[in-house]
Amino acid sequence: MNEILKKQIELLPDKPGSYQMRDKDDNIIYIGKAKNLKKRVSQYFLRPQNGKTASMVFNVDHFSIIITNTEKEALILEMNLIQKYHPRYNILLMDDKRYPYLAIHKGVKHPYVSIARNINDRKSEFFGPYPNSGACYETLNIINKLFPLRKCKTVPTSPCLYYHLNQCLGPCVNEVDPQIYREICENISKFLKGNNKEVVNELKEKISIASENLEFEKAKEYKTMLDSILAISEKQYMELKDKIDRDFVSFNLRDNYIGIVVLIMRKGMIIFKRSFVYELMGEVNDFVVDILTQYYLKNTLPKEIIVPTEELKELLSSYFSEVDIIAPTRGQLFEILQTTKENAKEALEQHFMTARLEDDCIKILEHLGEILKIKTPYRIELFDNSHLMGTNAVGAMVCFINGEPVKKMFRKFNLDNKNTKDDLESMKEVIFRRYSRLKQENQSYPDLIIVDGGYNQLVAAKQILKSIDVDINLAGLVKNDKHQTSALMDENGNEYEINDDKPLFYFLTRMQNEVHRFAISSHINKRKKSMFKSIFDEIEGIGAKRKELLLKNYPTLQELKSARIEELEQIIPKKVAIDLKEKLENLK
């Protein structure tokens with residue numbers, strides 16, 4: 001910190017407000033909010049930071065603040081300032097479109113159905129939001145064929161084609177009883193709420209009659225409509241009988257990145273998913289609140305928002321007082337929340353697996369060779385081990401050629417029981433078995449071996465290769481104190497920071513993901529065949545159900561150890577999560 005920053009921090013008040021981080025040219029580079037400005041701002045400079053946060057802190061020359069009365073006022077101010085200044089380190093939701101709804105316009109003389117994005121008309125009934133305009137138009141097209149309301153925006157002076165097709169009552173030439181309109185609108189409302197049994201039965205009867213009369217074209221049209229209705233019903237795969245509008249929110253963390261998913265439930269049915277993946281800035285819960293606040297500036301608030309932790313519930317409740325914020329610990333809402341968490345994990349994995357796929361793999365391999373001072377490693381083999389509390393241990397090896405996985409060359413190794421709790425011994429065993437066999441069978445070696453660990457893992461692998469007289473280049477992926485991959489290490493112990501080298505970072509992360517996935521899947525398959533005593537049995541508050549959820553989300557000891565309290569709270573109560581973390585930290 002420079003002297004200006006030190007003095008500014010000393011003078012910070014213990015009050016809520018917004019802070020604006022500025023560079024040496026007085027440009028605002030980051031805007032945040034805080035319940036306590038002194039505590040929040042000082043944390044940036046007193047704690048070690050990673051990735052994007054570290055880069056931001058490095059570029060801060062001084063800062064300014066605006067004091068507010070409450071934290072909620074600070075949040076509103078923060079959002080307004082971000083929209084005005086667009087700081088380079090703030091996360092901005094670029095997708096600001098409003099999702100489409102279907103509207104039954106009942107408050108006019110001749111009702112009709114249309115697509116709407118503004119849902120403030122109190123005289124109309126709205127359904128949605130729909131995942132995209134295509135799905136909305138598809139549903140509107142079915143409604144227009146099934147129910148004879150007008151399709152014209154304004155009533156014409158002469159009948160149109162819809163009238164002659166019996167798809168419109170023809171208010172242009174007929175006086176329509178308002179009671180008939182009310183009944184039709186009620187039937188459309190029932191249909192959009194999922195009560196389509198009568199319509200389905202009617203269409204089936206029409207198909208049968210048309211077929212008997214040899215009117216095959218008409219029968220085909222009815223069949224197409226029936227298939228569309230059934231397809232719409234199938235898309236709404238999760239349903240609650242209370243028909244309440246809800247959003248389910250959960251998140252997952254990996255390598256200082258966060259995946260956030262919102263599962264959107266309308267009329268008791270899940271209809272859509274929104275996914276966000278960003279580099280984490282600041283505290284986890286504050287970051288999630290920032291993203292959700294921006295999201296709901298452009299999207300309709302539901303009646304309930306279902307969140308995974310009490311802390312997140314309290315934070316959101318102070319901002320969205322008009323919405324019920326719920327943090328369930330059991331029941332159907334909790335189960336759907338677990339599905340949301342799985343979606344967040346999948347979103348994060350997909351991000352790492354697909355990010356930068358347009359990059360030239362050969363150029364990245366050449367760059368990797370230059371860093372390690374070796375020939376371009378066109379064939380790379382990566383290793384990882386997987387076990388839980390030392391049981392059912394397996395080693396895994398994946399092979400990439402020209403940057404692409406070659407699955408027929410993947411190998412798994414059942415590890416010797418005496419080595420299962422010692423990662424170094426496990427690595428030695430796997431390296432020995434792999435390359436002594438290649439040597440014995442006179443097969444070709446890879447250009448590079450990458451181990452998922454730091455210097456000790458490299459030394460262990462190097463010792464084994466030397467003992468069997470095999471010469472292969474080595475490298476390791478180094479993790480920081482938060483178990484996040486941060487550097488590449490050559491076999492001499494020299495480190496190369498890769499967080500800012502995005503093409504190489506994503507390239508190596510995809511490889512790391514693949515060996516990790518392969519190791520875990522092999523471990524799970526082995527674990528299913530045996531019984532074991534889990535550390536969960538020693539923690540009060542972890543029963544069979546919670547144990548199953550923990551094993552599902554953290555199938556390896558290393559994943560469990562690296563999970564943050566905020567993550568564990570999505571599955572188990574905070575006190576139980578703290579007890580589990582303490583137990584894991586004391587585990588040797």
Side-chain angles (χ1 to χ4, degrees), residues 255 361-386 395-406 409-411 413 415 419 422-440 442-481 483-501 503-516 518-519 558:
D255 288 332
C361 289
I362 300 301
K363 285 186 177 179
I364 296 175
L365 287 171
E366 291 172 350
H367 177 46
L368 178 59
E370 291 170 1
I371 292 169
L372 298 174
K373 296 180 175 59
I374 62 174
K375 292 183 179 179
T376 302
Y378 295 110
R379 174 180 160 188
I380 300 175
E381 293 186 351
L382 295 89
F383 291 85
D384 193 16
N385 300 320
S386 179
M397 185 279 293
V398 298
C399 179
F400 280 73
I401 297 179
N402 294 335
E404 298 296 331
V406 183
M409 297 180 69
F410 287 13
R411 297 291 183 271
F413 306 85
L415 297 178
N419 292 333
D422 189 327
D423 286 337
L424 288 179
E425 290 302 317
S426 295
M427 179 59 65
K428 288 180 180 179
E429 180 183 342
V430 172
I431 294 290
F432 175 81
R433 289 168 60 181
R434 170 63 177 168
Y435 297 108
S436 60
R437 180 164 185 172
L438 289 187
K439 181 179 180 180
Q440 182 181 359
N442 198 27
Q443 296 186 35
S444 61
Y445 301 138
D447 301 310
L448 176 66
I449 297 170
I450 296 180
V451 295
D452 192 19
Y455 186 69
N456 289 337
Q457 292 272 10
L458 278 172
V459 170
K462 196 171 184 178
Q463 288 175 350
I464 294 300
L465 291 178
K466 185 177 180 180
S467 71
I468 58 176
D469 195 24
V470 170
D471 184 19
I472 305 175
N473 295 308
L474 285 163
L477 294 174
V478 182
K479 294 180 172 61
N480 57 26
D481 56 357
H483 200 68
Q484 299 161 351
T485 300
S486 60
L488 178 72
M489 179 181 286
D490 67 22
E491 58 187 80
N492 296 316
N494 301 311
E495 290 190 20
Y496 175 79
E497 296 293 329
I498 60 174
N499 279 333
D500 294 328
D501 190 342
L504 180 60
F505 176 77
Y506 284 123
F507 185 79
L508 292 174
T509 301
R510 284 200 297 273
M511 291 183 172
Q512 189 181 35
N513 280 348
E514 186 62 19
V515 69
H516 191 57
F518 186 56
Q558 196 57 59

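This chain uses plain numbering: 1 for the first residue, then up along the sequence. The model shown is predicted, which means the values in this text are computed figures rather than measured ones.
- Atoms CG and CZ, on L477 and F505 in that order, are 10.0 Å from each other to the nearest 0.5 Å.
- No more than 12 heavy-atom neighbours from other residues, nucleotides or ligands sit within 6.0 angstrom of CZ on F432.
- For the atom pair OH (Y496) and CG (D490), the distance works out to 13.0 Å, reported to the nearest 0.5 Å.
- Not counting sequence neighbours, Q440 has no partner by the side-chain hydrogen bond (donor to acceptor under 3.5 Å, both in side chains) test.
- M511 and G403 get closest at one heavy-atom pair: CE-CA, 4.4 Å.
- Distance CZ/R434 to CE/M397: 3.5 Å, rounded to 0.5 Å.
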Would you list the atom pairs, donor with acceptor, under 3.5 Å between side chains in residues 464-476 and any protein atom, with sequence neighbours excluded?
{"residue": "S467", "atom": "OG", "partner": "I464", "partner atom": "O", "Å": "2.6"}
{"residue": "N473", "atom": "ND2", "partner": "D447", "partner atom": "O", "Å": "3.2"}

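- In this view, F410 and F518 satisfy the ring-ring contact (aromatic ring centres under 6.0 Å, His included) rule, not counting sequence neighbours.
- Just one of V398, L508, L368 meets the side chain to side chain contact (heavy atoms under 4.5 Å, CB included) condition when paired with I380; it is L368.
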Walk me through whether L488 and L372 qualify under side-chain contact (heavy atoms from CB on, under 4.5 Å). CA-CA 9 Å; L488 178 72; L372 298 174; 4.0 Å; yes
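- Contact detail for V515 and L382: the closest heavy-atom pair is CG2-O, 3.6 Å.
- Residues S436 and R433 approach most closely at OG-O, 3.6 Å, considering heavy atoms.
- Atom CG in N402 sits 12.5 Å away from atom CD1 in I364 (nearest 0.5 Å).
- A distance of 8.5 Å separates OG1 in T376 from CD1 in I362, rounded to the nearest 0.5 Å.
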Compile the donor-acceptor pairs under 3.5 Å between side chains in residues 448-462 and protein atoms, sequence neighbours left out, one pair per line.
{"residue": "D452", "atom": "OD1", "partner": "K479", "partner atom": "NZ", "Å": "2.6"}
{"residue": "D452", "atom": "OD1", "partner": "Q512", "partner atom": "NE2", "Å": "2.9"}
{"residue": "D452", "atom": "OD2", "partner": "K479", "partner atom": "NZ", "Å": "3.4"}

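- Each salt bridge (charged side-chain N to carboxylate O under 4.0 Å, His left out) pair with one or both residues in residues 362-380, not counting sequence neighbours, appears once here: R379-E381.
- Side-chain atoms of P377 and F400, non-hydrogen and from C-beta on, never get closer than 4.5 Å to each other.
- The CD atom of Q463 sits 13.0 Å away from the CE atom of M427 when rounded to the nearest 0.5 Å.
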